[in-house]
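Taking it in order: structure first as structure tokens, then the write-up.
Each chain gets a letter, A, B and so on, in the order the sequences are listed, and its residues count up from 1.
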Protein chains: 2
Amino acid sequence: MNVMNASPRRKELTRLAAQLFVQEGFDRTTVRMLAQEMGIKSGSLFHHFKDKQEILAAVIEEGTHNALLIARRALDSCEDHPEVRLRAMARAHLETLFTDRNAHVVALFEWRRLTPDASAHLSHLRDAYEALWVAVIDDALAAGLIHGDRFLVSRFVLGALNWTVRWYDPDGPRTPDDLADELVAMIMARQDEQSDSLALRD
Amino acid sequence: MNVMNASPRRKELTRLAAQLFVQEGFDRTTVRMLAQEMGIKSGSLFHHFKDKQEILAAVIEEGTHNALLIARRALDSCEDHPEVRLRAMARAHLETLFTDRNAHVVALFEWRRLTPDASAHLSHLRDAYEALWVAVIDDALAAGLIHGDRFLVSRFVLGALNWTVRWYDPDGPRTPDDLADELVAMIMARQDEQSDSLALRD
DNA sequence: GAGGTAACCAAGCAAGCGCTAGTGTGAACG
DNA sequence: CGTTCACACTAGCGCTTGCTTGGTTACCTC
């Protein structure tokens, strides 16, 4: 995609860093912790990354890039109906959040730790992702599936989805797809359904 | 409420600390920064607080306590109708988030930095607040205003509301009350309305 | 087999961290 | 007038932080 994350070694290191950043937060993660997790000494870390900030940028780039990829793939491989596409986006978002979890969570919660340059450089990736959402929501609005202000609706939906990382238990009875479907059902103006949203599971 | 935050001096210091914690994050806020903001030297800080952790606990207690107070007041002073109560809760939540903003934001985003004891001690406050939400949502469900799983609906709504701190611009055209009303309209099964949610503002 | 290169290590520096110890202050109180 | 107490100060200790330096190893290439 661009300059960063060339070598496979660096990619693996980035993955490990993401895990630690989620566990401890960026600020509390020391270069020594990162090095130990990677099986090297702290000094060797700076052979792969210019400084700690660059590790964060690499992680966030990876996370956002993946989210964008998964969302695009989901939209491309589903039938062209507003409701289906809405559901597909919600499912893709949660899939990203719970499989490739770490990098995306870092992108959500540590963005402000980026240096201004890195932030500026990466924001176009995030904007591209949000544009996908706005488009899908626009279609749903036009089709009368949902109502409201396009800006507000997309913010609310993304907020509800992003916040799931704070309470969702992957080992619980609900699958990510359950969550996505329930959310879509919640915001849709009822017409056909009513049965499926009430008796979903146990 | 309990042992903490007795003196008015300490209350003022807590307010200043909240502001810095929001601006910089707990980890990046040093005791020297806190002291300077308070107009004293870093050593003097420990006359008021046992350690840095205790400052965080004080801030979070203040924030959660206030949120609970505002929500209770809002519920007490509104008519006893499920839709009105739902709207009142949403408005109260956003009012908390944008007037007493700092302390509540810290409570949301720095909770995991609390020591286990402090977390255990404060979690009952948060639980009490969430219980208010669940009760209001239960009523709305029973009245057929909304549908879905009570647990999921309350999580989604709280997520959407909490996430507003990431994008909402208080100087923009929308008031917090606008946001609250729009959110409630979004999740409600339509029956009466339709007009007001479409043409809210410019 | 000489030269280049990617990956790593040992050692440590300068800065900054949370926090403590010991010492004034001035107002309040008996 | 003497004691107390809340509040603040100075000075700095012991430790951790991100990062640098100079050197070593293993492999690839011509």
task: Would you mind classifying the nucleic acid contact of Lys52(A) as base, sugar-phosphate or nothing, using non-hydrogen atoms under 4.0 angstrom?
output: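 Sugar-phosphate: the residue Lys52(A), judged by heavy atoms under 4.0 Å, touches backbone atoms but no base.
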Could you tell me the separation between the [atom1] atom of [X] and the [atom2] atom of [N], rounded to a whole number of Å?
X: Lys41(A); N: dT24(D); atom1: NZ; atom2: C1'; value: 15 Å
X: Ile40(B); N: dT10(D); atom1: CD1; atom2: P; value: 12 Å
X: Leu13(A); N: dA6(C); atom1: CG; atom2: P; value: 15 Å
X: Arg28(B); N: dT16(D); atom1: CZ; atom2: P; value: 20 Å
X: Asp51(B); N: dC17(C); atom1: CG; atom2: C1'; value: 14 Å
X: Asp27(B); N: dG16(C); atom1: CG; atom2: P; value: 18 Å
X: Glu54(A); N: dG18(D); atom1: CD; atom2: P; value: 15 Å
X: Leu34(B); N: dC19(C); atom1: CG; atom2: C1'; value: 13 Å

Comparing Val31(A) and Gly43(B) on DNA chain D - which has the more 5′ nearest nucleotide: Gly43(B)
- request: Name the residue closer to the 5' end of DNA chain D, choosing between Ser42(B) and Gly39(B) according to the nucleotide with the nearest heavy atom.
  value: Gly39(B)
Determine: side-chain N/O of [X] to OP1/OP2 of [N], distance under 4.0 Å, yes or no.
X: Ser44(B); N: dC9(D); answer: yes
X: His48(B); N: dA8(D); answer: yes
X: His47(A); N: dA7(C); answer: yes
X: Arg10(A); N: dA7(C); answer: no

task: Please determine if Glu37(A) and Arg15(A) form a salt bridge, counting it only when a charged side-chain N lies under 4.0 Å from a carboxylate O.
output: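 A salt bridge is absent here (no side-chain N lies under 4.0 Å from a carboxylate O).
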Asp169(B) and Arg174(B): CA distance, side-chain angles, deciding distance, salt bridge (charged side-chain N to carboxylate O under 4.0 Å, His left out) verdict: CA-CA 8 Å; Asp169(B) 172 20; Arg174(B) 286 176 251 261; over 6 Å; no
- request: Return the orientation label for the Phe109(B) and Phe109(A) ring planes: parallel under 30°, perpendicular over 60°, tilted otherwise.
  value: tilted
query: Relative to the ring of Phe98(B), is the ring of Tyr168(B) parallel (under 30°), tilted (30 to 60°) or perpendicular (over 60°)?
result: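 Tilted, since the angle between the ring planes falls between 30° and 60°.
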message: Given dC9(D), dC9(C), dC7(D), identify the nucleotide with an atom nearest to the side chain of Arg9(B).
response: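 From the listed options, dC7(D) comes nearest.
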Donor-acceptor pair under 3.5 Å, Arg32(A) side chain vs dG18(D) base: yes
- prompt: Is the NZ or CZ atom of Arg166(A) positioned over Trp111(B)'s six-membered ring, under 6.0 angstrom from the centre and within 45° of the axis?
  reply: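 Relative to the ring axis of Trp111(B), which defines the angle, Arg166(A) lies outside at least one limit.
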